[in-house]
Amino acid sequence: MFLRCTTRKKNGKEHRYWNLVENRRVAGGQVVQRQVLYLGEINDSQREVWRKSIEVFEDGRSAPRTVALFAEEQTAPIDDEQVIQVRLKYLEVRNARQWGGCWLVCELYEQLKLDQFWAERLPPGRKGTRWDLILQTLCIYRFIEPGSEWRLHRHWFDRSAIPELLGSDFRLAESHRLYECHDLLLKHKEALFTHLTERWKDLFNAKFDILLYDLTSTYFECDPPIGETDKRKFGHSRDKRSDCVQVVIALIVTPEGFPLAYEVLAGNTSDKTTLRDFLKKIEAQYGKAQRIWVMDRGIPTEEVLAEMRNSEPPIYYLVGTPKSRLSKLEAELIGRPWEQVRPGLDVKLLAHEGELYVQAQSQDRVSKERAMRRRRLRKLWNRLCELQKMKLTTKALLIKIGEAKKEAGRAFGLIDLELPNPSRSRKRKPKTKRSNAKKPKAKLNFSFRVNRAKFRETYRREGQYLLRGYLAQQAPATLWEYYTQLTEIEEAFKNLKGDIGIRPVFHQLPHRIEAHIFIAFVTYCLHVTLRRRLRDLAPGLTPRAVLEKFSAMQMIDVHLPTSDGRTIILSRYTQPEADLQVLLKQLKLELPEQPPPKITVSGRLAK
C-alpha cells in the first residue's frame with residue numbers, strides 16, 4: 001500500500017487530495033490499483049503518520065507457517081484415552097453475522113463511559129432485564145442500520161454479534177422490552193447533557209464558550225393527532241412536507257459539532273419564540289458564563305436581544321441580519337473603507353446604538369450569486385419570450401407565468417410585467433346556428449422589461465452579508481469565522497436525518513416519540529465523537545466510510561464434529577484486511593481476543 005496524491009485547481013488555488021491505495025495483481029500479470037481509503041486534504045505531519053503506519057505494517061507482516069492436523073482416518077501420535085478425534089470432513093461454517101461495526105460502536109460507547117452512566121441509572125428489572133444493555137443495542141442498531149424496533153426484533157438482531165459483544169442473548173431484542181425501554185429515558189436527559197460535556201472536555205479538551213443555535217423539523221406520515229397536548233402539529237416544514245404533521249427540534253452545538261442540549265417543541269412553534277427559554281435552560285444547567293451565541297436571522301427578536309445585552313453578565317451574540325437593514329445603514333457604511341481580512345474577503349465595521357455591525361463581501365460568493373442570478377434570469381427571459389408567441393387564454397397565461405415565477409425565485413423580482421386586464425373581455429355575440437365552429441385563439445399582448453433600479457441594487461449587494469453582534473473586542477476575521485461555523489449545525493441536522501435516520505418515526509405515543517429522538521441524539525453523540533477522532537487523522541475520512549470498512553468484519557461459527565458425537569463450536573471474527581489494519585493502528589484500537597470455544601452435549605451447549 002502507498003499514498004497517492006491527486007491535484008485539482010479551484011479558483012486559481014491548487015488543492016492536493018490524498019488516497020490510500022494498494023496494488024493488486026490480476027490475470028496476465030497486470031497490476032491494478034484499488035483505492036482503500038479517501039483521506040482528503042491532509043497536512044505534512046498527518047501524511048508522515050500515515051506513511052509510517054504503512055511502512056510498519058508492511059515490514060511487520062508475519063510469515064505464514066504450516067501446522068499439521070490429524071484427520072479422522074489417521075491415528076494421533078499420542079497414546080492417551082482422553083484424545084478425541086475431530087471429523088474434519090464434516091466441518092461446517094454457520095451463522096455469518098455483523099461484528100466489526102458493532103464492536104466499533106461499543107468502543108465509542110465505552111469511550112464516552114455511557115455504559116457506566118446508564119448502568120447506574122437503569123438498574124436491572126425485577127426479572128433481571130438489563131435495560132442499560134437494551135438501550136446500548138438500540139444505539140448500535142441506529143448507528144449501523146437505522147430502522148424500526150420491530151425490524152430489530154425480527155431481522156437485525158440475529159444477524160449481528162450483539163450477544164457475544166454484550167454477553168447476553170435474545171432477551172435484549174424482545175419486542176415489548178425494546179418499546180418499554182423508551183419509557184425510562186427522558187428523566188435522565190439533563191444528567192446526560194452534563195455527563196457528555198465532561199467527557200468531551202476530558203477526551204478532546206472541548207470548549208463550550210461559543211454556541212451555535214438553530215432549529216429543524218421532522219415530519220410524520222400519519223393522521224393528524226386529536227389531542228391538544230400532542231406536539232405533532234402542522235407548521236413551517238424545513239423538509240418541504242407541509243402536508244404532514246411535524247415536531248420542531250431545537251439544537252445547540254459547539255463549532256466542533258459537540259451537542260450541548262436539545263429540545264422537542266410543537267410543530268407549529270415559531271422560531272423567534274424559542275430563544276428566551278433556551279437561554280434560561282443553559283444558564284440553569286451550566287451556570288452563568290461569558291458565552292457567544294451565534295444564530296441565523298429570524299431566531300432572535302429585538303426584545304430578546306435587548307435582554308441579552310442588559311443581563312448580568314451580558315450575553316454576547318452574533319446574528320445574521322436581513323438585507324433590508326442594510327438599506328437603513330447604507331448611508332453610514334458607504335463612506336467607510338473596506339478592510340481585507342484575507343484574500344477574497346473584505347469587511348466594514350460600524351458601531352451603531354451599542355452594537356457592532358459587520359458588512360462582509362466575499363469574492364467567491366459574489367461570483368456564485370451572480371452566476372446563479374444570470375442563469376435564472378436568462379431562463380426566465382427566454383420563457384417569457386416563448387409565452388408572448390403562444391395563443392393562450394388569460395387564465396392559462398397567468399398559470400404559466402406563475403410556474404415561471406416559482407422556478408425563477410428572486411430573479412423574478414427584477415422583471416416588470418404588464419399583463420392584460422382580465423376585466424376587459426369582449427362582449428359575447430348571440431349564438432347562431434353556425435357558431436359551433438371553434439375560432440382560433442387570439443394572442444394576448446403583454447410586455448416585460450428589466451427593472452434597472454432593482455437590478456443595480458441587486459448587483460451591488462451580491463455576495464454581501466450584514467452581521468449584527470454584541471461582542472467584546474474581536475478581530476474581523478474572527479467574527480466572520482464565528483458566523484461561517486453555522487454550517488456545523490446544518491451538518492448536525494444532515495447527519496441526524498441521514499446517517500442516524502431520525503425519520504421515519506414509527507411511534508404513536510407522544511412520550512415514546514420524544515424517547516425515539518433522545519436515542520437518535522445519543523447515537524449522534526457517538527457519531528460526532530468518531531468524527532472528531534477522524535479529524536486529526538484526515539479530513540476526508542467520514543464516520544460512514546469508516547463504519548463500512550469495519551462492517552466487512554464478520555463473525556462466524558465453525559462447527560467441528562468429534563468422534564464421540566459432540567460438536568466443538570468456535571465463534572470467530574474474520575481477520576481485518578490490510579486497509580482495516582492500518583485504520584485500526586491510526587485510531588489506536590486493539591481487537592479483543594477471540595471468544596472461547598464451546599462444546600455441545602446431546603445437541604445442547606455444555607456448561
Side-chain angles (χ1 to χ4, degrees), residues 189-198 200-201 206-216 248-266 269-322 324-326 328-329 332 347 349-360 465-486 488-489 492:
K189 187 164 69 169
E190 282 72 21
L192 177 67
F193 294 159
T194 304
H195 171 80
L196 289 172
T197 54
E198 294 299 325
W200 284 321
K201 286 179 183 178
K207 297 181 179 180
F208 299 90
D209 52 350
I210 301 174
L211 305 181
L212 314 178
Y213 177 60
D214 205 351
L215 299 96
T216 189
V248 172
I249 302 174
L251 180 65
I252 299 176
V253 303
T254 68
E256 290 184 300
F258 297 126
L260 195 66
Y262 83 95
E263 197 65 46
V264 181
L265 308 171
T269 303
S270 175
D271 291 359
K272 61 185 179 181
T273 63
T274 62
L275 180 58
R276 181 182 284 110
D277 293 337
F278 250 95
L279 292 172
K280 295 177 181 178
K281 178 183 178 69
I282 295 300
E283 184 177 306
Q285 183 163 358
Y286 300 102
K288 294 185 176 182
Q290 287 191 350
R291 302 185 182 95
I292 300 175
W293 288 70
V294 184
M295 299 162 283
D296 212 342
R297 61 188 182 187
I299 293 179
T301 61
E302 293 293 334
E303 183 181 355
V304 175
L305 292 179
E307 293 175 4
M308 295 173 70
R309 292 193 298 269
N310 297 328
S311 63
E312 287 294 336
I315 302 174
Y316 299 115
Y317 59 83
L318 183 66
V319 186
T321 307
S324 59
R325 186 172 288 268
L326 182 60
K328 300 177 182 179
L329 301 174
E332 299 181 52
V347 299
L349 302 180
L350 173 65
H352 182 74
E353 296 181 356
E355 294 179 301
L356 179 66
Y357 287 86
V358 183
Q359 183 183 9
Y465 298 88
L466 184 63
L467 309 180
R468 175 186 182 184
Y470 182 70
L471 299 162
Q473 293 295 329
Q474 300 281 355
T478 305
L479 298 177
W480 176 255
E481 183 182 354
Y482 286 166
Y483 188 71
T484 56
Q485 287 170 346
L486 276 177
E488 193 64 40
I489 199 167

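Looking at Lys272 and Ile299, their side chains never come closer than 4.5 Å, going by heavy atoms from C-beta outward. Here the side chains of Arg325 and Leu466 are in contact, with some heavy-atom distance below 4.5 Å. Counting heavy atoms from C-beta outward, Met308 and Leu279 have side chains that approach closer than 4.5 Å. Using a 4.5 Å cut-off on side-chain heavy atoms (C-beta onward), Ile252 and Trp293 make contact.
Under the side chain to side chain donor-acceptor pair (under 3.5 Å) criterion, Thr269 pairs with no residue, sequence neighbours left out. Scanning for salt bridge (charged side-chain N to carboxylate O under 4.0 Å, His left out) contacts around Asp271 gives Arg238, with sequence neighbours left out. Under the side chain to side chain donor-acceptor pair (under 3.5 Å) criterion, Thr216 pairs with Lys497, not counting sequence neighbours. Scanning for ring-ring contact (aromatic ring centres under 6.0 Å, His included) contacts around Phe193 gives Tyr262, Phe521, with sequence neighbours left out. Partners of Trp200 according to the ring-ring contact (aromatic ring centres under 6.0 Å, His included) rule, which considers only residues two or more places apart in sequence or in another chain, are Phe258. The side chain to side chain contact (heavy atoms under 4.5 Å, CB included) search around Leu356 returns Leu349, Val358, Leu479, not counting sequence neighbours. Contacts of Glu256 classified as salt bridge (charged side-chain N to carboxylate O under 4.0 Å, His left out), with partners at least two apart in sequence or in another chain: Arg532, Arg535. Residues meeting the side chain to side chain donor-acceptor pair (under 3.5 Å) test with Glu353, sequence neighbours left out: none. Remark: Arg297 engages Pro322, Arg410 in a side chain to side chain contact (heavy atoms under 4.5 Å, CB included) (not counting sequence neighbours). Residues satisfying the side chain to side chain donor-acceptor pair (under 3.5 Å) criterion with Tyr317, sequence neighbours excluded, are Arg309, Glu355. When the salt bridge (charged side-chain N to carboxylate O under 4.0 Å, His left out) test is applied to Glu303, the partners found at least two apart in sequence or on another chain are Arg276.
Considering all non-hydrogen atoms of both residues, Ile315 and Tyr470 come closest at O-CD2, 4.0 Å. The minimum heavy-atom distance linking Leu275 with Met295 is given by the pair CD2-SD, 3.6 Å. Between Tyr213 and Thr274 the shortest heavy-atom distance is OH-OG1, 2.7 Å. Contact between Leu467 and Gly320 at its shortest, heavy atoms only, is CD2-CA, 4.2 Å. Contact between Leu212 and Ile489 at its shortest, heavy atoms only, is O-CD1, 3.5 Å. Minimum heavy-atom separation, Pro300 to Leu305: CB-CD2, 3.7 Å.
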Between Lys280 and Glu263, does the salt bridge (Lys or Arg N to Asp or Glu O under 4.0 Å) criterion hold? Intermediate values first, please. CA-CA 13 Å; Lys280 295 177 181 178; Glu263 197 65 46; over 6 Å; no

For side-chain contact (heavy atoms from CB on, under 4.5 Å), just list the numbers for Glu332 and Tyr357, CA-CA rounded to whole Å, side-chain angles, deciding distance to a tenth of an Å, and then say yes or no. CA-CA 11 Å; Glu332 299 181 52; Tyr357 287 86; over 6 Å; no

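Atoms OH and CD1, from Tyr316 and Ile210 in turn, are 13.0 Å apart once rounded to the nearest 0.5 Å.
For the 3.5 Å distance criterion, the side chains of Tyr465 and Thr321 fail to qualify, holding no donor opposite an acceptor. A donor-acceptor pair shorter than 3.5 Å can be found between the side chains of Tyr483 and Asp296.
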When the side chains of residues 282-292 are checked against the rest of the protein, which donor-acceptor pairs come out under 3.5 Å, sequence neighbours left out?
from	atom 1	to	atom 2	distance (Å)
Gln285	NE2	Glu190	O	2.8
Gln285	NE2	Thr194	OG1	3.2
Tyr286	OH	Leu260	O	3.1
Lys288	NZ	Glu312	O	3.1
Arg291	NH1	Gly287	O	3.0
Arg291	NH2	Tyr286	O	3.4
Arg291	NH2	Gly287	O	2.9

